[in-house]
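The model shown is predicted, which means the values in this text are computed figures rather than measured ones. So that the names make sense, note that chain A is the first sequence line, chain B the second, and so on, each numbered from 1.
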There are 2 protein chains.
Amino acid sequence: MNDVGGPGGHGLLAGTVSYGLKRAYRRVIRDLEEALRPHGFTPPLLAALSLVGANPGIAPAHLAEAMGHGRSRAAPLLDRLEERGLLERRTGADRRSLELHATPAGLDALGRLRPLLDAHEGRITGGLSAAETQALARLLDRLAPGQ
Amino acid sequence: MNDVGGPGGHGLLAGTVSYGLKRAYRRVIRDLEEALRPHGFTPPLLAALSLVGANPGIAPAHLAEAMGHGRSRAAPLLDRLEERGLLERRTGADRRSLELHATPAGLDALGRLRPLLDAHEGRITGGLSAAETQALARLLDRLAPGQ
DNA sequence: TATTGTTATACTCTATAACTATA
DNA sequence: TATAGTTATAGAGTATAACAATA
């Protein structure tokens, strides 16, 4: 029983959920980046547009919170989406806050990306049965609930 | 059946393994960063030292490969570990390549960090039973096998 | 005084290419 | 010429703090 794990292993980190998550995430994020690149999207850009599409009128601060980061991260993402005509910032009743809306072009982009995301998900879960995939999705959701 | 998902949801990304992985990973990496910060470690620094500890004599290129990135990422990590006396670079028979070894101080640091990592893993998997945790670890390993 | 959005800043992670020294 | 390690560079993601406008 070696403190740092056997030769050839990953030492302290071997076999942990934490490290398994890290390695699986790296594989996923790279596959998704490659799939989105030809379409001019990055994973955060897609996540932002998808969230706005599903939550019309959402405020930037709420969007940032749903994406799991601070307010200041939203602005440059929204700039890029608005420049491309995929999203609008509208001023609401409280003139401090904004209401975000996907434009028809934005909704159209989401529709066109959908099969691409299905294919991505298929590559990720290709080694698992449907039951295993569902079990994994549920376990992951319990690891990072709410939000 | 809405193309972008129902109101309040995450749109295209809702319920996918890919997105669940992203959110779970973010929770994990932040918890680990906070746990390691008081001890002067970051997750990549710990992963590198742990790998060298478990694989004495490993070369930087092999270490980088095991960590899932390119050769050039190893050097600054090794610099920081060597400066702190946790690791040594020794020249091998082929004088182009190096053999990496954890120093006694490095092995000691790994030993001291172990309970901290166990606590981290416990926080991550706290909501799961032992059987669920093991099932999750196995499913994750099948998502990013080998390496 | 508190809140919203934004800007500025800095740091880390990451990828690519170029450089050196060895083989 | 090929390989190993390093350096330089650039870009993306992230966090914090500070700012202007509004409440």
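Within 4.0 Å (heavy atoms only), B/A74 reaches no atom of the nucleic acid at all. Using a 4.0 Å heavy-atom criterion, one finds that B/P44 contacts the sugar-phosphate atoms exclusively. Residue contacts shown for A/S97 are limited to sugar-phosphate atoms, with no base heavy atom under 4.0 Å away.
A donor-acceptor contact under 3.5 Å is not formed by the side chain of B/S72 with the base of C/dT14.
Closest to the A/R71 side chain, of the nucleotides C/dA21, C/dT6, C/dT14, is C/dT6. Picking from D/dG5, C/dT3, C/dT14 the nucleotide with the shortest atom distance to the side chain of A/R26 gives C/dT14. Ranking D/dT6, C/dT14, D/dA23 by closeness to the B/R73 side chain, first place goes to C/dT14.
Each salt bridge (charged side-chain N to carboxylate O under 4.0 Å, His left out) pair with one or both residues in residues 24-33 of chain A, not counting sequence neighbours, appears once here: A/D31-A/R123.
The 5' end of DNA chain C is approached more closely, in terms of each residue's nearest nucleotide, by A/R89 than by the other of B/P43 and A/R89.
Environment of CZ in B/R89: crowded, with over 12 heavy atoms of neighbouring residues, nucleotides or ligands closer than 6.0 Å.
Between B/R30 and D/dA15, a side-chain N or O to OP1/OP2 separation shorter than 4.0 Å is present.
In this structure, B/R71 does not pair ionically with B/E65, as no charged nitrogen and carboxylate oxygen lie closer than 4.0 Å.
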